[in-house]
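In what follows, every chain begins at residue 1, and chains take the letters A, B, ... in the order their sequences are listed.
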Protein chains: 2
Amino acid sequence: MFDSIVTHIKKHVSLTREETELLLASLELRELKKKEHLLEAGQICNENYFVADGCLRMYLTTDKGTEQVIQFAVENWWMTDYFSFKSNQPSNFYIQAIEKTNVIAISRKAQDELFEKLPQLEKYFRIVLEKAYAAQLNRIHYIFNLGGEEQYRMMVERYPEFVQRVPQYMLASFLGITPEFLSKVRAKK
Amino acid sequence: MFDSIVTHIKKHVSLTREETELLLASLELRELKKKEHLLEAGQICNENYFVADGCLRMYLTTDKGTEQVIQFAVENWWMTDYFSFKSNQPSNFYIQAIEKTNVIAISRKAQDELFEKLPQLEKYFRIVLEKAYAAQLNRIHYIFNLGGEEQYRMMVERYPEFVQRVPQYMLASFLGITPEFLSKVRAKK
DNA sequence: CAAAAAACTTAATCATGGTTAAGAAATGAA
DNA sequence: TTCATTTCTTAACCATGATTAAGTTTTTTG
């Protein structure tokens with residue numbers, strides 16, 4: 001079950017047999033049922049999560065009491081609230097499994113200790129974060145330049161399996177549109 | 001002039017005298033006039049830029065021929081197109097000085113070499129990227145939950161000097177609204 | 001398998017903010 | 001210091017997508 005994370009890390013940096021053992025000792029497998037939460041608003045986010053299998057969403061509740069999906073994480077993606085994780089302040093976010101999901105959790109403490117013992121991990125996370133950051137900038141570009149309809153059609157085009165995988169109302173929220181409008185878009189054509 | 005970058009790095013990791021020398025040898029100071037470009041769409045982005053003094057914007061031109069501002073960088077921020085920088089593919093973005101600006105440039109090659117010699121830099125960039133990534137997620141949250149008017153008022157509230165510093169039409173673009181609408185918002189109250 | 005809960009659809013009305021076009025003000029260069 | 005360019009403003013009209021309120025379908029659970 002830890003294979004997925006070791007494979008992913010080894011795509012970016014090298015690890016000896018002993019180093020891998022050291023890494024594995026710091027990881028914890030967590031099996032989540034559909035709708036189970038890893039983090040709720042108000043809690044301090046003490047862990048970083050790697051999705052081995054399944055899908056997570058990060059969301060928050062707005063002033064009007066509605067949910068706003070900020071992002072999803074599927075297999076081989078990391079998810080945490082870096083703000084809370086680093087500052088030890090309560091999070092504004094929820095992190096929830098949207099289907100049966102296996103995550104690999106690493107605590108802030110364990111991660112910091114690992115960075116001392118395995119400096120390659122700094123490189124690994126730097127690379128992962130560069131990609132995640134670039135992806136968010138790209139997303140901002142799409143949010144501003146594509147209408148809700150175009151964004152949905154692009155999702156369907158680029159990630160057809162993913163569109164099937166998440167409830168429509170969550171996808172609508174992620175795209176910044178209402179479920180009613182998404183439904184209308186799907187109806188025509 | 002390199003003081004600012006050394007100070008910033010030392011806030012996060014330690015550097016000996018020799019290590020600092022090594023670092024400085026890889027950096028290049030670039031003095032930019034207002035409106036001068038560091039990167040234009042179609043070029044490969046080979047450098048990472050640290051703003052020592054002044055202000056940069058990253059933007060792109062949309063299909064309709066309009067400019068869309070993706071982000072700004074002021075003193076002590078890094079800016080690059082990580083996608084192009086890492087993949088060696090042509091960029092979609094422009095990076096431009098919006099006032100007289102001094103940047104410290106580091107080439108991809110020099111950065112990679114420095115990472116070998118100074119592994120602490122991996123940590124430094126990991127930390128910088130964690131913050132930048134978290135900031136983008138927060139921004140997405142605001143984009144979806146605040147109207148254009150509220151976003152502008154929040155900017156004025158939180159970063160009054162910055163609002164004065166950039167032309168209104170760029171700020172409008174950054175917030176995803178038209179300059180006409182921003183003008184209207186400013187007019188009332 | 002039946003009842004309840006969750007997710008999705010449809011349609012009428014409404015509001016935020018875009019578009020267009022013109023003019024005014026500020027900035028910059030000769 | 002004047003002309004040209006850039007930036008900002010105003011206002012009328014318009015469109016995208018939100019809101020509200022049912023009703024329908026699908027999924028979950030006892």
Side-chain angles (χ1 to χ4, degrees), chain A residues 32-37 54-55 57 59 61-69 72 94 96-101 142-156 162-189, chain B residues 32-37 55 57 59 61-69 72 94 96-101 140 142-156 162-189:
Chain A
L32 303 165
K33 291 182 293 198
K34 185 170 179 173
K35 299 208 178 169
E36 204 173 335
H37 281 91
C55 185
R57 67 162 173 158
Y59 69 97
T61 54
T62 66
D63 344 299
K64 293 140 207 152
T66 62
E67 287 179 4
Q68 173 63 54
V69 177
F72 295 104
Y94 296 79
Q96 184 192 42
I98 67 175
E99 58 189 60
K100 190 172 175 307
T101 299
Y142 289 128
I143 289 169
F144 286 144
N145 293 297
L146 269 46
E149 177 159 357
E150 294 168 292
Q151 263 189 89
Y152 173 71
R153 302 219 185 279
M154 194 181 74
M155 287 290 285
V156 171
F162 181 74
V163 171
Q164 292 304 98
R165 198 169 172 182
V166 301
Q168 264 177 53
Y169 73 95
M170 287 187 197
L171 188 59
S173 174
F174 176 75
L175 296 176
I177 59 180
T178 57
E180 291 86 354
F181 182 63
L182 180 54
S183 196
K184 194 198 253 177
V185 166
R186 285 162 48 83
K188 62 173 175 183
K189 191 195 166 193
Chain B
L32 303 164
K33 291 182 293 198
K34 185 171 178 173
K35 300 207 178 167
E36 204 173 335
H37 281 91
C55 186
R57 66 163 175 158
Y59 69 96
T61 54
T62 67
D63 343 299
K64 294 140 207 152
T66 62
E67 286 180 3
Q68 173 63 54
V69 176
F72 295 104
Y94 296 79
Q96 184 191 41
I98 67 175
E99 58 189 60
K100 190 172 177 306
T101 299
I140 286 169
Y142 290 127
I143 290 169
F144 285 143
N145 293 298
L146 268 46
E149 177 159 356
E150 295 167 292
Q151 265 189 89
Y152 173 70
R153 302 220 185 278
M154 194 181 73
M155 286 291 285
V156 171
F162 181 73
V163 170
Q164 292 304 100
R165 198 168 173 183
V166 301
Q168 265 177 53
Y169 73 94
M170 287 188 196
L171 187 59
S173 173
F174 175 75
L175 296 176
I177 60 181
T178 57
E180 291 85 354
F181 182 63
L182 180 54
S183 197
K184 194 199 254 177
V185 166
R186 285 163 47 84
K188 62 173 174 182
K189 192 198 165 193

How close or far is atom [atom2] of [N] from atom [atom1] of [X], stated in whole angstroms?
{"X": "B/Glu99", "N": "D/dT6", "atom1": "CD", "atom2": "P", "value": "19 Å"}
{"X": "A/Ile98", "N": "D/dT27", "atom1": "CD1", "atom2": "P", "value": "15 Å"}
{"X": "B/Phe144", "N": "D/dT16", "atom1": "CZ", "atom2": "P", "value": "19 Å"}
{"X": "B/Tyr152", "N": "C/dG17", "atom1": "OH", "atom2": "C1'", "value": "16 Å"}
{"X": "A/Ile177", "N": "D/dA15", "atom1": "CD1", "atom2": "P", "value": "20 Å"}
{"X": "A/Lys64", "N": "D/dA18", "atom1": "NZ", "atom2": "P", "value": "12 Å"}
{"X": "B/Gln151", "N": "C/dG17", "atom1": "CD", "atom2": "P", "value": "9 Å"}
{"X": "B/Gln164", "N": "D/dT7", "atom1": "CD", "atom2": "C1'", "value": "15 Å"}

Min side-chain heavy-atom separation [X]-[Y] under 4.5 Å:
{"X": "A/Arg153", "Y": "A/Val185", "result": "yes"}
{"X": "B/Thr62", "Y": "A/Phe144", "result": "no"}
{"X": "A/Tyr59", "Y": "A/Gln68", "result": "no"}

Next item on the list: Heavy atoms only: give me the nearest B/Gln151-B/Ile143 pair and the separation to one decimal.
Entry: NE2-CA, 3.8 Å

Sequence neighbours left out, cut at 3.5 Å: what donor-acceptor pairs do the side chains of residues 167-174 of chain B make with other protein atoms?
residue: B/Gln168; atom: OE1; partner: B/Arg186; partner atom: NE; Å: 3.2
residue: B/Ser173; atom: OG; partner: B/Glu67; partner atom: O; Å: 3.4
residue: B/Ser173; atom: OG; partner: B/Val69; partner atom: N; Å: 2.8

Out of [options], which nucleotide sits closest to the side chain of [X]?
{"X": "B/Phe181", "options": "C/dG17, D/dT9, C/dT9", "value": "C/dG17"}
{"X": "A/Lys35", "options": "C/dG17, C/dA7, C/dT19", "value": "C/dA7"}
{"X": "B/Ala187", "options": "C/dC8, D/dA18, D/dT10", "value": "D/dT10"}
{"X": "A/Tyr169", "options": "D/dC8, C/dC8, C/dG17", "value": "C/dC8"}
{"X": "A/Glu180", "options": "D/dA21, D/dA18, D/dC8", "value": "D/dA21"}

Phosphate-side-chain proximity, [X] and [N], N/O vs OP1/OP2 below 4.0 Å:
{"X": "A/Arg186", "N": "C/dT9", "answer": "yes"}
{"X": "A/Gln168", "N": "C/dT9", "answer": "yes"}
{"X": "B/Thr178", "N": "C/dG18", "answer": "yes"}

Margin query: Need one value for B/Lys188: base, sugar-phosphate or nothing, where a base atom within 4.0 Å counts as base even if backbone is also close, heavy atoms only.
Written below: nothing

Next item on the list: Mind checking A/Lys34 for me? I need base, sugar-phosphate or nothing, with any heavy atom below 4.0 Å counting as a touch.
Entry: sugar-phosphate

